[in-house]
Every structure is written in structure tokens, then in C-alpha cells.
Number of protein chains: 2
Amino acid sequence: MSTTQGARARARIEVTAAIKDEARRQLAAEGASKLSLRAVARELGMVSSALYRYFPSRDELLTALIIDAYDSVGEAAEVAHAEVADAGPLRRWIAVCEAVRGWALAHPHEYALIYGSPVPGYVAPETTVPPAARVALLLIGIARDAHRSGALTEPPLPADLHPEAERMVADFAGDLPPAVAVALVAAWAELYGLVSFELFGQFRQVVEEREVFFRHAVRRLALGVGLVDA
Amino acid sequence: MSTTQGARARARIEVTAAIKDEARRQLAAEGASKLSLRAVARELGMVSSALYRYFPSRDELLTALIIDAYDSVGEAAEVAHAEVADAGPLRRWIAVCEAVRGWALAHPHEYALIYGSPVPGYVAPETTVPPAARVALLLIGIARDAHRSGALTEPPLPADLHPEAERMVADFAGDLPPAVAVALVAAWAELYGLVSFELFGQFRQVVEEREVFFRHAVRRLALGVGLVDA
DNA sequence: CCAATGCAAGAGCGCTGCTCTCTTTTTTGT
DNA sequence: ACAAAAAAGAGAGCAGCGCTCTTGCATTGG
């Protein structure tokens, strides 16, 4: 039934994809704020108003690109992780972090779109949540495996964070120790601090050997979570 | 001579300030991308073209706001630090970090302007460097004081980062141990990762008790730099 | 076969940053 | 003191933007 459900439906899918492709091209070339519906339409040989049959607004188009970007960085991290799936937790952690950094350097504007300042007044719809969680799930998985195999030393946790930590465990950290859940969330945010500072130019004239610096920094993040040196 | 160097010069200073004030108002209200020269001029009762006598372009106006924002967060951090100047390094570190977070929560759009995605194609001019360094200098100063008083344990530093670390020390870290300089830079970036994730909504449904979580996280950052528990 | 639907096109609204020209006002040099 | 020069404001205008509305055409399903 879905094989050939009319030339119209097929054309719609193709045009939608073409719009996203061209929009992604412009995004990569000039950045989100220069992404123009009219320019996309022009490049595709259609008139601007026709584009509204596919995306009800510029924000909706951006949302589609955001989801794709989350999926793209998530997949890059998953692929890099799969390549060292048999290695120790520390090695896997570093592989995921370096994959995120590599993807960010290769797709700076898409990175800025998802981890930079949110478009003003724009609230990400629920649809973006699952793809956004892919990298985080990888990191959680690494910690969980380490925990199961005994290669995890619990970091300290102050008393006033116990309730919060328990909630995190119940919500998404599964069978991880609460202190590890808290440390993971912090390390996750700190990882993006490192990537963002490099990408947004804050390391200019401060860090030169960015590759080795990053590797060292994320290694220390892993140690902070409790992953032991393998 | 500079007391009354003509009504014209004084008027120019006042008008320039009024433009920046109104622009900051709009920035705080709607965000950088909605800041409009025409709207600023309208609000000030002038015509849009007149504004170009004071700022040659929208980007230049934004740059002025960026510098002010760096100074604003820098001063907030310095004030908070001065209030606990006699305390131990850890306490001072936490005070600075919490001041940054507090400022960011109070001025989200200005924070996004300086630490979010850079305006596409926009490269910050050299003028922005000194104000941007104020917070970093505070953190360096805390580490230096701790080092002098012996309250600093050197973190580990892999061999391949030694040259980079030496360069950092020569460039801006003064008499700090190289390993501390590297750890400081990383902690600095990680601090902004924590603040950005909270501000840009990545902690939604993940971290609820953001205040205590943040305090704990930056405390661990300080420990990672080598500041010892006082 | 024909009515209903989907889609593209075009015109148009109000907004934007920015430039150019023209007039008025203030400062400066002789 | 007065003319030349510099600075500032006003207004029109250009090209671009997101978005809406109406109109004609093609495809589709009953």
C-alpha cells in the first residue's frame, strides 16, 4: 500500500527532502540566521510561497534541521563507540567525546544550532527530545557497563544532593549509583563546554594543541565520573 | 579642556549612551536577533539613518553590547569575589562561579550574546579580549594565591601536553605550575558548559535542584584544578 | 466524469539593514 | 567676525526578508 501510494505523495516526500537538503546547505554555508526561505525556494526553482505547503514557517524548517542535527551527531558518536565497543570504559568514553568534537568541528553551524543559544522565543518541541538524548545515552551506557564489571569507583556526593540523585536514577540512570548519575550529568555538560569554547573561538590564543588538550580534558572528566584507568 | 569641549561632543556621548541603553533594553526583552536599528531609532525619536552617525552598522552596535556584557559579568564576578576575598580558595572559587551563573540567569540574552553561538560570519574584534578575560583572570588569581600559600596540589599532566602547558604559563599563567594552567583552562570551559546547559534548557527534566547541583559541580571543578578543601 | 483536494504562482503587506542626498547646525581657521 | 569645513539629522529609496491571500491548474477519489 505504501509502495506506490500515488505520484503525488512520492513527489511530496522528494520535495520535502530537497527543501531540507538545500536548507542544510545554506545552514552549513552561512549559519542559521542567514537561512532564508526565499533563498531556498529560489535555489530550488520554486516560488517562496510554495514552500509553505511543506513547512508552515521558517521555525518549523529549523526544527526539522535541529532534529536531523541531533541524529547526525548521535549517529557519529554511536559509530565511533561501536568501533571500540570491546575496549575498556575509559577508551570508549574518550571515543564518544572525540566523535562529538569531530562532528562539531565538521558541522559548526549545525552544532551551534543545537547547542548554541536557542533562537529567541523558540522552545524546542517534544519531538527533539529522543534524538537529543542519543549521546547522553551512550555515556550512561558506558558508565553502566563499567559499574556492572566493577570498573567504577563512586565519586563523592554531598547530602543535600541525595534526593536529586535518587530522582535522576529513577528517571533515566537505571541501576547506576546516584553519585555517578550526578557526576555524569555534570560531565555531559562540561564536555559541551569544552567543545563550545573551542568552536566558538574562546580558545583562540589560549589553547593551541586543541586535540591533545581535549583528549586530556575528557579523560579527566571520565575519571571524575568514576571510570577507572584501564 | 575636556570638561566642556563643546556641546556637540557632550551630546554625542549622551546620544551614544542612549542608543546603547535602548538597544540593551531590546536585547534583554527579545534577544539579539530581534534587535532592530529601526526600532531603536523609533523608540529614541530619531530616524533610522541618523543612527548610522553613531554606529556604522548593526554589527558594530552588537559589538559594543558584547563588550559591555563582558564587563558586566566580569564586574559581577569581581564584586562577589571581593566579598569573600579573605576566605579560602575553594570558597572564593565557588563564589566567582556562582556569580557567573547568577549573572547569566539574570541576563540570559546577554549571556547568549557572548557565550552562545557567535553571530555567523562575525569575528570578535580585538577590543573584546580584555573585558572577556576578567572572569578568567579571577580564577587564575585564586589558583595563584592558593599556590603561593601551599593550598594547591598539582593535578596530573600527560607528557604530550608539556609544551602546551609551558606556553600557557608563559602567556598568561605567570608562576603557576603548568599542570594547573591546563586544568584551569579546562575548568573554565567546563564552567560555561554547566551554565550554558542550564540556561539553554538542556537540563530540563534532567536537573531540578539546579542551585545545589551547580554548587557541587563547580566545587568538583575546583578540586580538579588542585584547590584543596579548606 | 466530475467534484474535491493538493499544489504552484503571483501580488502584496509590513518589516529589516543600509545608502544617498539634502538641509541645518556647530565648530574651526584666518 | 566671518567664511569654510565638519558634523548631525531628515527623508526617500533599494533590495531583501517572513508570511498571507487569492487565483488557476493538475491530480485524485467517488
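Just so we're on the same page: letters track the sequence lines, and every chain starts at 1. Everything quoted here is computed from the prediction, not taken from an experiment.
Taking atom CD on E30(A) and atom C1' on dG16(D), their separation rounds to 14 Å, with Å as the unit. Distance L44(A) CG to dC7(C) C1': 15 Å, rounded to the nearest Å. If you take CD1 of I19(A) and C1' of dA8(C), they are 12 Å apart, rounded to a whole angstrom. Per the geometry, CZ belonging to F55(B) stands 15 Å off C1' belonging to dA8(D), to the nearest Å. Distance CD (E14(B)) to P (dG9(D)): 12 Å, rounded to an integer number of Å.
In this structure, CD1 in I66(B) is found 4.5 Å from CG in L113(B), a value given to the nearest 0.5 Å.
Between dA10(D), dA8(D), dC7(C), one nucleotide has an atom nearer to the side chain of R12(A) than all others, and that is dC7(C).
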Subject >> Sequence-aligned protein contact record of nucleotides 11-21 of chain C, with B where the base is within under 4.0 Å of a protein heavy atom and S where only the sugar-phosphate is >> reply: -B---BBBBB-
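Residue pairs that meet the salt bridge (Lys or Arg N to Asp or Glu O under 4.0 Å) test with at least one member in residues 41-57 of chain B, sequence neighbours left out, do not exist here.
Within the nucleic acid shown, Y54(B) comes within 4.0 Å of sugar-phosphate atoms alone, with no base atom in reach, counting heavy atoms only.
In this structure R101(B) satisfies the side-chain hydrogen bond (donor to acceptor under 3.5 Å, both in side chains) test together with E198(B), sequence neighbours excluded. Not counting sequence neighbours, the partners of E78(A) by the salt bridge (Lys or Arg N to Asp or Glu O under 4.0 Å) test are R134(A). The salt bridge (Lys or Arg N to Asp or Glu O under 4.0 Å) search around E83(A) returns none, not counting sequence neighbours.
The six-membered or imidazole ring of Y115(A) lies away from that of F200(B), with a centre-to-centre distance of 6.0 Å or more.
Both the sub-6.0 Å distance and the 45° axial angle are satisfied by R12(A) relative to the ring of Y54(A).
Taking the six-membered ring where tryptophan is involved, the planes of F213(A) and F203(A) are perpendicular, since the angle between them exceeds 60° and thus also 30°.
Axis angle between the ends of the helix from dC1(C)-dG30(D) to dT30(C)-dA1(D), five pairs each and rounded to 10 degrees, works out to 10°.
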